[in-house]
Amino acid sequence: MEQIITRFPPSPTGYLHVGGARTAVFNWLYARHTKGKFILRIEDTDKVRSTKESVDAIFEALEWLGIDWDEGPFFQSKRLEIYQEYIQKLLDSGDAYYCTCSPEKIKVMRDKARSTGGKPRYDGTCRHLDLKKTDTAVVRFKAPFTGTTIIKDVIKGNILFQNNELDDFIIARSDGTPTYNFVVVVDDITMGINTVIRGDDHVMNTPKQILLYNALNAPLPTFGHVPMVLGKDRSRLSKRHGAMSVTVYRDMGYLPDALINYLVRLGWSFGDQEFFTRAELIEKFSLKNIGKSAGIFDQDKLLSINADHIKAAKPQNLAKNLVPFLEKKGFSIKEGPYLESVIKTLNTRSKTLEDMARGALFYFQDELSYEEKAVKKFLKPVALEPVRLLVDKLEQLPNFTEKKLEEAFKSVMEATGLKFGKIAQPVRVALTGSSVSPGIFEIIEVLNKEKVLQRLNAAIKIILDRSQG
RNA sequence: GGUCCCAUCGUCUAGUGGUUUAGGACGUCGGCCUCUCACGCCGGUAACCCGGGUUCAAAUCCCGGUGGGAUCACCA
């Protein structure tokens, strides 16, 4: 069995969006699954729209996703001589010819055809003229008038095209630069790509490309066209559907493994399994179970998958991803046992790293910020006695263990006749500033004794001040 | 408009002629658990686009509608 060689060829005209990321993931996973090769190629032949910033943005996104490549990145802008050479081959073999018809003339031709219900195509005026190169001449490929071209698509099955649907398309512009369909084919041939997995917005290009492979005497790769990702309104995903760039998901606190899991599962299935680690994906992914219909990008499900990945992740791995989010909130916390113990109290209640960072703030604040509503509701005179008693009890404890803490609370309950909840809520507000937080015992264990007592005493002061004020 | 693709709960999907009162997940609704919020658990809601065939039998095969998407550049 021949080694699988796949590729991802983004054009650097913007950020890497989730649709592009998805086809990158499919190609990457398939290469990894088959122990093949994955090649990165930057399609920057459009000098006007391609930017260095976009190239960097794509690298950044790929790196965050953890998608690595075995060869490249190749830049098409640096391969112009190769394309020249192949254009000449086609010219020499008579499969291509110079055409001097002006764009205006062709536009008229097309408009007329369209208005009379005909096919808007080039009429082949220069086909047999055997024209020489001029500075306005383009090179056209001689497409067959008859016969059929068939795409053997591993995802969609066989797709048949009548060759008379095609016209003599341009493969080199008047400035000599090659056009997309030609460049792709030459690149894929010369890079040894034998498996082309791409969005199904490319199916209409494929017959042209197949004709080019044939004219160049090159073996056809395996084609697989994956259905598009649609927005909530069933139209092609675009800016108005909200977040598009994969790095935006990074900044919102999504885990790369979660995004990958979601993107792959959107359109691919493995029985009823929903959750996949990266390793599992590599092990289980195949082209066989990719669906044929387009899928709608569902933020809710992505969020849910992200929560699952946060729950499943090791605290130490989460820690390094969490640090930037804490920094963004003004806390420079280093990774380590303390951060990990903080994370353990938050991972089942955080859907994103942003959630988690927000929930973790009270652990790090020197000056606790209190929610006004929580203070009003729970730091009332009735809470004074239990909190004071608790301070007494905790002061006597040499160290905090769940068992010791339970005993301490129990004795406060007995002494005051209050139910646990009546004591826990004021304590929670005292310790976290909020009425919502991880479990009381967890918090007390993680915060050190000094901080707990300090915050409890601060709460007592607040209660006193409020009742006097 | 031409060409091409697609069609199972709101969404992602399982399903490849009988095992299906169509399964799972997200969402949603209700409940349990409970120191708050979550998590977890239990339960409910909800789909085979329509019409013809083929067959003893069709979500599954065929045809036709309808609907949605893609594409028709000296852009990629």
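Numbered from 1 within each chain, the chains take letters A, B, ... in sequence-line order. A quick note: this is a predicted structure, and the numbers were derived from the prediction, not measured.
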| Who pairs with A/F26 by ring pair (Phe, Tyr, Trp, His ring centres under 6.0 Å), at least two apart in sequence or on another chain? |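 Counting only residues at least two positions away or on another chain, A/F26 forms a ring pair (Phe, Tyr, Trp, His ring centres under 6.0 Å) with A/F285.
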| ring pair (Phe, Tyr, Trp, His ring centres under 6.0 Å) partners of A/Y363, counting only residues at least two apart |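 Here no residue qualifies.
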| task | Determine: side-chain N/O of A/R198 to OP1/OP2 of B/A76, distance under 4.0 Å, yes or no. | result |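 For A/R198, the contact criterion (side-chain N or O under 4.0 Å from OP1 or OP2 of B/A76) is not met.
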| According to a strict under-4.0 Å criterion, is A/T179 in side-chain N/O contact with OP1 or OP2 of B/C74? |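 For A/T179, the contact criterion (side-chain N or O under 4.0 Å from OP1 or OP2 of B/C74) is not met.
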Taking any heavy-atom pair under 4.0 Å as a contact, classify [X]: base, sugar-phosphate, or nothing.
| X | value |
| --- | --- |
| A/S437 | base |
| A/K311 | sugar-phosphate |
| A/P9 | nothing |
| A/D175 | nothing |
| A/S11 | sugar-phosphate |

Non-neighbouring partners of [X] that pass side chain to side chain donor-acceptor pair (under 3.5 Å), sequence neighbours left out:
| X | value |
| --- | --- |
| A/E165 | A/K119 |
| A/Y180 | A/H202 |
| A/S341 | none |

| query | Is A/Q88 reaching over with its side chain to a backbone N or O of A/E85, donor-acceptor style, under 3.5 angstrom? | reply |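 Side chain of A/Q88 to backbone of A/E85: no pair is present.
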Under 3.5 Å, sequence neighbours excluded: what are the donor-acceptor pairs made by side chains of residues 139-148 of chain A?
residue: A/R140; atom: NH1; partner: A/D168; partner atom: O; Å: 2.6
residue: A/K142; atom: NZ; partner: A/G94; partner atom: O; Å: 3.1

| request: Please confirm whether A/H309 and A/F275 have ring centers closer than 6.0 angstrom. | output: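 Distance test on ring centres: under 6.0 Å, yes.
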Let's test your reading of the model: under 3.5 Å, does the base of [N] pair with the side chain of [X] as donor and acceptor?
| X | N | answer |
| --- | --- | --- |
| A/E274 | B/G24 | yes |
| A/S174 | B/C74 | yes |
| A/R349 | B/C39 | no |

| query | Quick one: is the NZ or CZ of A/K208 closer than 6.0 Å to the six-membered ring centre of A/F169, and within 45° of its axis? | reply |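 So A/K208 does make the cation-pi contact.
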Filtered N/O pairs between nucleotides 20-23 of chain B and protein, under 3.5 Å:
residue: B/G23; atom: N2; partner: A/D272; partner atom: OD1; Å: 2.5

Identify each atom pair where a protein N or O and an N or O of nucleotides 5-11 of chain B are less than 3.5 Å apart, giving names and distance.
residue: B/C5; atom: O2'; partner: A/K156; partner atom: NZ; Å: 2.6

| request: Starting from the 5' end of RNA chain B, give me the residue, A/V436 or A/G267, whose nearest nucleotide shows up first. | output: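 With A/V436 and A/G267 compared, the 5'-side residue is A/G267.
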| field | Nearest-nucleotide 5' precedence on RNA chain B, A/I440 against A/F270 | value |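 So the residue in question is A/F270.
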| task | Scan for ring-ring contact (aromatic ring centres under 6.0 Å, His included) pairs involving residues 413-442 of chain A, sequence neighbours excluded, and state none if there are none. | result |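 Only A/F409-A/F420, A/F409-A/F441, A/F420-A/F441 qualify under ring-ring contact (aromatic ring centres under 6.0 Å, His included).
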| request: If B/A57 has a Watson-Crick or G-U wobble mate with both distances under 3.5 Å, name it; if not, just say none. | output: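 Across any shown strand, B/A57 pairs with none.
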| query | For B/C32, which nucleotide in any strand shown is its Watson-Crick or wobble partner with both distances under 3.5 Å? | reply |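 Pairing partner, where one exists within any strand: B/G40.
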| query | Looking only at atom P, what distance separates B/U8 and B/C61, rounded to whole Å? | reply |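 The answer is 13 Å between these two P atoms.
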| message | Please report the distance separating the P of B/C41 from the corresponding atom of B/C48, rounded so that it comes out in whole Å. | response |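 These two P atoms come out 29 Å apart once rounded.
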| Which parts of residues 41-49 of chain A get close to RNA chain B, meaning a heavy atom less than 4.0 angstrom away? |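 Residues of residues 41-49 of chain A under 4.0 Å from RNA chain B: A/E43, A/T45, A/D46, A/R49.
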| Residues in contact with RNA chain B, drawn from residues 371-390 of chain A - heavy-atom cutoff 4.0 Å |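 Within residues 371-390 of chain A, no residue comes under 4.0 Å of RNA chain B.
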| field | NZ (A/K410) with more than 12 external heavy atoms under 6.0 Å | value |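 Check fails, neighbour count at 12 or below.
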| task | Apply side-chain contact (heavy atoms from CB on, under 4.5 Å) to A/I462 and list each qualifying residue two or more places apart in sequence or on a separate chain. | result |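 A/I462 satisfies side-chain contact (heavy atoms from CB on, under 4.5 Å) with A/Y370, A/V375, A/L379, A/R466 only.
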